[in-house]
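Contents: one structure, followed by commentary.
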Amino acid sequence: MSVDESQRNLGPELLVDFLRGQLLLTRTDQHILVEGVLHSAVMSECVRCLESFHLPIQIRLEELFALNPGPQVSDPVYLIAPDGTIDLVYPLREQILLAQPLKPVCRPDCKGLCMNCGKNLNEGPCDCSDESIDPRLAALKALL
């Protein structure tokens, strides 16, 4: 089964730009196994420069959905609806949240913010002096 969807809301504060990929649905005795790889992108904030950017994400999905509710089904979210539809919103949301890095960076060479004035150093150098003095030696500088 091919998946190609545009912007999709997957719950509170999680909006994906797109969902693309392939899913394989396999029927077992009492379940439907949904597995595959999807690609997406979410809005994120760089931990270095605090700019928003689109973070590409690869989602590996492997979930069992029960055909009939029974004692072996512990989570009603993973039931197939009476009309035969499978709702992938919850498992997708879970996998996307797990796939996001703890410290997202807009690009590997992001320079971040100036520690003194807060200017985004990706946009150019700031006017702060590069002179860094060890606080333990600051009293000696006053003598010069």
Side-chain angles (χ1 to χ4, degrees), residues 1-28 30-67 69 72-144:
M1 175 175 136
S2 182
V3 176
D4 188 6
E5 291 197 26
S6 59
Q7 197 171 49
R8 181 83 191 237
N9 188 357
L10 294 178
E13 299 182 18
L14 185 59
L15 183 69
V16 294
D17 296 338
F18 60 87
L19 278 170
R20 291 188 192 109
Q22 295 288 323
L23 293 177
L24 176 65
L25 281 75
T26 308
R27 184 182 169 131
T28 64
Q30 297 293 319
H31 300 89
I32 300 263
L33 174 64
V34 178
E35 55 187 343
V37 176
L38 298 174
H39 298 277
S40 185
V42 295
M43 284 303 290
S44 191
E45 186 176 89
C46 179
V47 294
R48 292 183 188 163
C49 66
L50 305 179
E51 293 289 326
S52 294
F53 71 102
H54 295 275
L55 175 68
I57 292 182
Q58 180 176 329
I59 308 146
R60 187 167 289 289
L61 195 63
E62 189 173 325
E63 295 293 340
L64 275 176
F65 288 83
L67 295 169
Q72 74 276 13
V73 179
S74 61
D75 194 354
V77 173
Y78 299 117
L79 286 175
I80 295 174
D83 64 353
T85 59
I86 297 175
D87 186 11
L88 293 175
V89 170
Y90 186 76
L92 279 174
R93 175 180 172 75
E94 195 173 73
Q95 292 303 317
I96 288 172
L97 292 174
L98 288 172
Q100 292 182 33
L102 290 176
K103 296 181 178 181
V105 180
C106 61
R107 59 182 196 240
D109 63 338
C110 178
K111 296 176 183 172
L113 302 175
C114 173
M115 293 188 331
N116 295 322
C117 67
K119 181 178 181 195
N120 187 345
L121 297 175
N122 295 317
E123 298 170 355
C126 64
D127 297 330
C128 297
S129 68
D130 274 348
E131 188 179 313
S132 59
I133 275 207
D134 187 342
R136 296 171 291 185
L137 302 175
L140 291 177
K141 184 179 178 184
L143 295 175
L144 296 174

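Within a 6.0 Å radius of CZ in R107, more than 12 heavy atoms belonging to other residues, nucleotides or ligands are found. D127 CG: 12 or fewer foreign heavy atoms inside a 6.0 Å radius.
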Side chain to side chain contact (heavy atoms under 4.5 Å, CB included) between T85 and I80, worked out: CA-CA 6 Å; T85 59; I80 295 174; over 6 Å; no
CA sep, side-chain torsions, deciding dist, call: L19, H39, side chain to side chain contact (heavy atoms under 4.5 Å, CB included): CA-CA 6 Å; L19 278 170; H39 298 277; over 6 Å; no
Assess whether side chain to side chain contact (heavy atoms under 4.5 Å, CB included) is satisfied between L121 and C126, documenting all intermediate values. CA-CA 7 Å; L121 297 175; C126 64; 4.3 Å; yes
Apply side chain to side chain contact (heavy atoms under 4.5 Å, CB included) to the pair L25 and M1, showing each step before the final yes or no. CA-CA 8 Å; L25 281 75; M1 175 175 136; 3.9 Å; yes
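When all heavy atoms of K111 and N122 are compared, the closest pair comes out as N-OD1, 2.9 Å. Counting all heavy atoms, side chain and backbone alike, D17 lies closest to S40 at N-OG, 4.5 Å.
Checking side-chain atoms of R48 against main-chain N and O of P104 turns up no donor-acceptor pair under 3.5 Å. Judged by distance alone, the side chain of K103 and the main-chain N or O of V47 form no donor-acceptor pair under 3.5 Å. Side-chain atoms of N116 never come within 3.5 Å of backbone atoms of C128 as a donor-acceptor pair (strictly under, hydrogens ignored). At least one donor-acceptor pair under 3.5 Å links the side chain of R93 to the backbone N or O of L10.
With a 4.5 Å cut-off on side-chain heavy atoms, L92 and R8 do not count as touching. Considering only heavy atoms from C-beta on, H54 comes within 4.5 Å of M43 through its side chain. Residues L61 and L88 form a side-chain contact, since some pair of their non-hydrogen atoms from C-beta on lies under 4.5 Å apart. The shortest side-chain heavy-atom distance between L14 and L97 falls under the 4.5 Å cut-off. Contact check for Q7 versus L15: side-chain heavy atoms found under the 4.5 Å cut-off. Residues L38 and Q58 form no side-chain contact, since every pair of their non-hydrogen atoms from C-beta on lies 4.5 Å or further apart. Looking at heavy atoms from C-beta onward, L33 lies in side-chain contact with E62 at the 4.5 angstrom threshold. Side-chain atoms of L67 and H31, non-hydrogen and from C-beta on, never get closer than 4.5 Å to each other.
Distance OG/S44 to CZ/F53: 4.5 Å, rounded to 0.5 Å. The CG atom of L55 sits 10.5 Å away from atom SG of C46, with the distance rounded to the nearest 0.5 Å. Atom CD in E63 sits 11.0 Å away from atom CD in E35 (nearest 0.5 Å). Rounded to the nearest 0.5 Å, atoms CZ (F65) and CZ (R27) are 15.0 Å apart. With values rounded to the nearest 0.5 angstrom, C114 atom SG is found 9.5 Å from K119 atom NZ. Interatomic distance, M115 CE to L113 CG, rounded to the nearest 0.5 Å: 11.0 Å.
Taking the ring axis of F18 as reference, the NZ or CZ atom of R20 stays within 45° of it and closer than 6.0 Å to the ring centre.
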